[in-house]
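Worksheet: the structure to be examined is printed underneath.
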Amino acid sequence: MQTLQTTSLRVTDNQLFILDQQALPQEKRWLDASTVEALVGHIHALRVRGAPLIGLSASLLLALLAENGHSRDELAVALDTLRASRPTAVNLMNNLDRMKQALWQEDFVPALTAEALRLIHEDKQLCDAIARAGSALVKPGSRLLTHCNTGGLATAGVGTALGVIAVAHQQGNVANVWVDETRPLLQGGRLTAWELGELGVPYQLITDSMAASLMAKGQVDAVWVGADRIAANGDVANKIGTYSLAVLAKFHGIPFYVAAPQTTLDPNCPNGDAIPIEQRAASEVTGVAGSFGAVQWAPEDANVYNPAFDVTPAALISGWVLDTGVVWPGGFVHSQIG
C-alpha cells in the first residue's frame, strides 16, 4: 500500500501505526498496530479512538494484512474480531461491511486496498461537508461548548463538531470555546484543548459539572457534539455526559447540535434503547494513572458504574449536521439515513 498519513494514522512499509492518544498532549508517540491483536488492544485502551477513526484503522489493517499474504479465511476471522472490538461506535461496523464485500471479490487483495483508501478519502470529504454545513449555523461572536474530542484526531479529516468550530473560527465567528474535560478519560482536557490550541482557537477548559452554571449566566450560545451512533429515529449515542448537556441546553433555550458523517448512521437501529453501551474499567473512575505513576482516590473496594456512552433522545436535539446537510427536528426519519 502507498504511504499514507493523517493526524492519527500512518501507513509506511506496509505497516500500520497509530498516534497514541493516551500519551497526548505531553508526547506524540506512534505505536505499531500491524496485527489484529495490537489494534484491538489499542482500541480497548483508547489509544486509537473516535468513531470514524476506529473504523478507518480497522479497514486499513485488513487491507495491509491482505497485501502481506493472509488468506481470505484468515482475513474473515480478522474482520469479525475487529468488528467486535467496539460495540457502540457503528462506523466500525459500517466500514467493515464494505470491506467484507471487497473480501469476497475474486481478486480480493487489490479490492480491499482500494476500498480502505476509498474510505479514507471519503471521510476527509465527509468532514469537509459537515464543517461547511455546520459553520453556517455559527453566528458572529459565538461562545460554543463542546464535549469529548471530535477533531482531526478522531477522523481522517478536519473532524466533525470540532471541524465545524475550526471553520467557524476561520470565518471570524468564534469568540470562545468552552471545553468539557470529559470524564472518565479527560479526552476534552487532553485532546480537544490540545487541538484547539494547535488551531489557534480561543478556549477555556472546564470540568463537566460547570456547564450548567455557564448556561445559567448566559455564557453559552450553542453546544456542538459528535456521535458514535445515530439511530433511525435520530437518538444519538455519544460520550457519557452528552445527555446531561442536552437536557441543560433544552432548559436554557440553547441550540444543541450533533455533527456526524453518514458512517455514523444506523438505519437498522430503531432507537436509542437498542444501542449497546460499553462498560469500562472501574479504575478509570477510582483513580488516575500516567507517566507520573498511579493515584487511587476512591476506596479499593468501591463499586463503580462506568458506561462509556449515554443516549440523547432526538427530542432534545436542535439539528443533526450531516455531510448531506442539516436535518431539523421532525425531519429525521428512516428514509433520511437509507
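Scope of the values below: all heavy atoms of this structure, side chains included, with no hydrogens, waters or symmetry mates.
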Exercise. So does Glu37 have more than 12 non-hydrogen atoms from other groups sitting under 6.0 Å from CD?
Worked result: no
Exercise. Is Asp235 salt-bridged to Arg229, going by a charged N under 4.0 Å from an acidic O?
Worked result: no
For this session: Go through the steps for Arg86 and Asp228 under the test salt bridge (charged side-chain N to carboxylate O under 4.0 Å, His left out), then give the verdict.
Result: CA-CA 10 Å; Arg86 200 73 191 272; Asp228 285 83; 5.4 Å; no
For this session: Could you give me the CA-CA distance, side-chain angles and deciding distance for Val40 and Leu82, then say whether side chain to side chain contact (heavy atoms under 4.5 Å, CB included) is met?
Result: CA-CA 7 Å; Val40 169; Leu82 290 165; 4.0 Å; yes
Problem set entry | Sidechain-backbone polar pair: Trp178 side chain, Gln219 backbone, donor-acceptor under 3.5 Å | yes
For this session: Work out which heavy atom in Asn95 is nearest to a heavy atom in Ser59; give both atom names and the distance.
Result: CB-OG, 3.5 Å
For this session: Using modelled atom types only, decide if a donor and an acceptor are shared between the side chain of Thr12 and the backbone of Thr3 within a distance under 3.5 Å.
Result: no
Problem set entry | Side chain Gln262, main chain Leu322, donor-acceptor under 3.5 Å | no
For this session: May I ask you to check whether Asn91 and Thr264 show a side-chain donor-acceptor distance below 3.5 Å?
Result: yes
Exercise. Centroid-to-centroid, Tyr257 to Trp224, below 6.0 Å?
Worked result: yes
Problem set entry | Shared hydrophobic cluster, Val179 / Val164 (ILVMFWY, side-chain heavy atoms < 4.5 Å) | yes
For this session: For the pair Glu195 (side chain) and Gly152 (backbone), establish whether a donor and an acceptor sit closer than 3.5 Å, ignoring hydrogens and angles.
Result: yes
For this session: Considering non-hydrogen atoms only, spot the tightest contact between Ala227 and Val258 and give its length.
Result: CB-CG1, 3.9 Å
Exercise. Hey, is Arg183 close enough to Glu181 for a salt bridge, meaning N to O under 4.0 Å?
Worked result: yes
Exercise. Checking side chain to side chain contact (heavy atoms under 4.5 Å, CB included) for the pair Thr242/Phe256: CA distance, chi angles, key distance, verdict?
Worked result: CA-CA 10 Å; Thr242 303; Phe256 183 94; 3.8 Å; yes
For this session: Find out if a path of hydrophobic residues (ILVMFWY) with successive side-chain heavy-atom gaps under 4.5 Å connects Ile54 to Val225.
Result: no
Exercise. Have Glu67 and Thr113 got a donor and an acceptor in their side chains that come within less than 3.5 Å?
Worked result: yes
Exercise. Linking I/L/V/M/F/W/Y whenever their side-chain heavy atoms sit closer than 4.5 Å, directly or via other members, would Met93 and Leu265 fall into one cluster?
Worked result: no
For this session: Report the C-alpha distance between Leu19 and Lys28 in whole Å, list the side-chain angles of each, state the deciding distance to 0.1 Å, and finish with yes or no for side chain to side chain contact (heavy atoms under 4.5 Å, CB included).
Result: CA-CA 7 Å; Leu19 181 64; Lys28 292 187 72 173; 4.2 Å; yes
For this session: Could you grab the distance from atom NZ of Lys250 to atom OG1 of Thr312, nearest 0.5 Å is fine?
Result: 12.5 Å
For this session: Verify the neighbour count for atom NE2 of His44: are there more than 12 heavy atoms of other residues, nucleotides or ligands below 6.0 Å?
Result: yes
Seminar exercise, completed: Nearest heavy-atom approach of Ile240 to Pro307 is CB-O, 3.6 Å
For this session: Step by step, work out the side chain to side chain contact (heavy atoms under 4.5 Å, CB included) result for Leu31 and Phe17.
Result: CA-CA 5 Å; Leu31 302 175; Phe17 297 89; over 6 Å; no
Exercise. Side chain of Arg190, backbone of Leu24: donor and acceptor closer than 3.5 Å?
Worked result: yes
Exercise. Do Met99 and Leu4 sit in the same hydrophobic cluster, where Ile, Leu, Val, Met, Phe, Trp and Tyr count as joined when their side-chain heavy atoms come under 4.5 Å apart?
Worked result: yes
Exercise. Between Arg98 (side chain) and Leu119 (backbone), is there a donor-acceptor pair under 3.5 Å?
Worked result: no
Exercise. Just by distance, do the side chain of His169 and the backbone of Ile165 share a donor-acceptor pair under 3.5 Å?
Worked result: no
Exercise. Between the side chain of Ser34 and the main-chain N/O of Leu16, is any donor-acceptor distance below 3.5 Å?
Worked result: yes
For this session: Test Thr207 against Ser209 for side chain to side chain donor-acceptor pair (under 3.5 Å), laying out the working first.
Result: CA-CA 5 Å; Thr207 67; Ser209 58; 3.3 Å; yes
Exercise. Any luck finding a side-chain donor-acceptor pair between Asp310 and Asn238 under 3.5 Å?
Worked result: no
Exercise. Can you find a side-chain donor-acceptor pair between Gln22 and Arg47 that sits under 3.5 Å?
Worked result: no
Exercise. So, are Glu278 and Arg280 salt-bridged, with charged N and O less than 4.0 Å apart?
Worked result: yes
Exercise. Do any N or O atoms from the side chain of Asn306 and from the backbone of Ala281 form a donor-acceptor pair under 3.5 angstrom?
Worked result: yes
Problem set entry | Leu39 reachable from Leu112 in the ILVMFWY side-chain graph, under 4.5 Å edges | yes
For this session: Answer yes or no: are there more than 12 heavy-atom neighbours, outside Phe108 itself, under 6.0 Å from its atom CZ?
Result: yes
Exercise. Taking all non-hydrogen atoms of both residues, which atom of Cys148 and which atom of Thr192 are closest, and how far apart?
Worked result: O-OG1, 2.5 Å
Problem set entry | Main-chain N/O of Ser135 paired with Asn173 side-chain donor or acceptor, under 3.5 Å | no
Exercise. CD of Gln171 to OG of Ser142: how many Å apart, nearest 0.5 Å?
Worked result: 11.0 Å
Exercise. Can you tell me how far the CE atom of Met215 sits from the CG atom of Leu145, to the nearest 0.5 Å?
Worked result: 5.5 Å
For this session: For residues Leu205 and Asp180, report the shortest heavy-atom separation together with the two atoms involved.
Result: CD1-C, 4.3 Å
For this session: Evaluate the side-chain proximity of Ser318 to Trp328: yes if any heavy-atom separation is below 4.5 Å, no if none is.
Result: no
For this session: Indicate whether any N or O donor in one side chain lies under 3.5 Å from an N or O acceptor in the other, for Arg49 and Asn149.
Result: yes
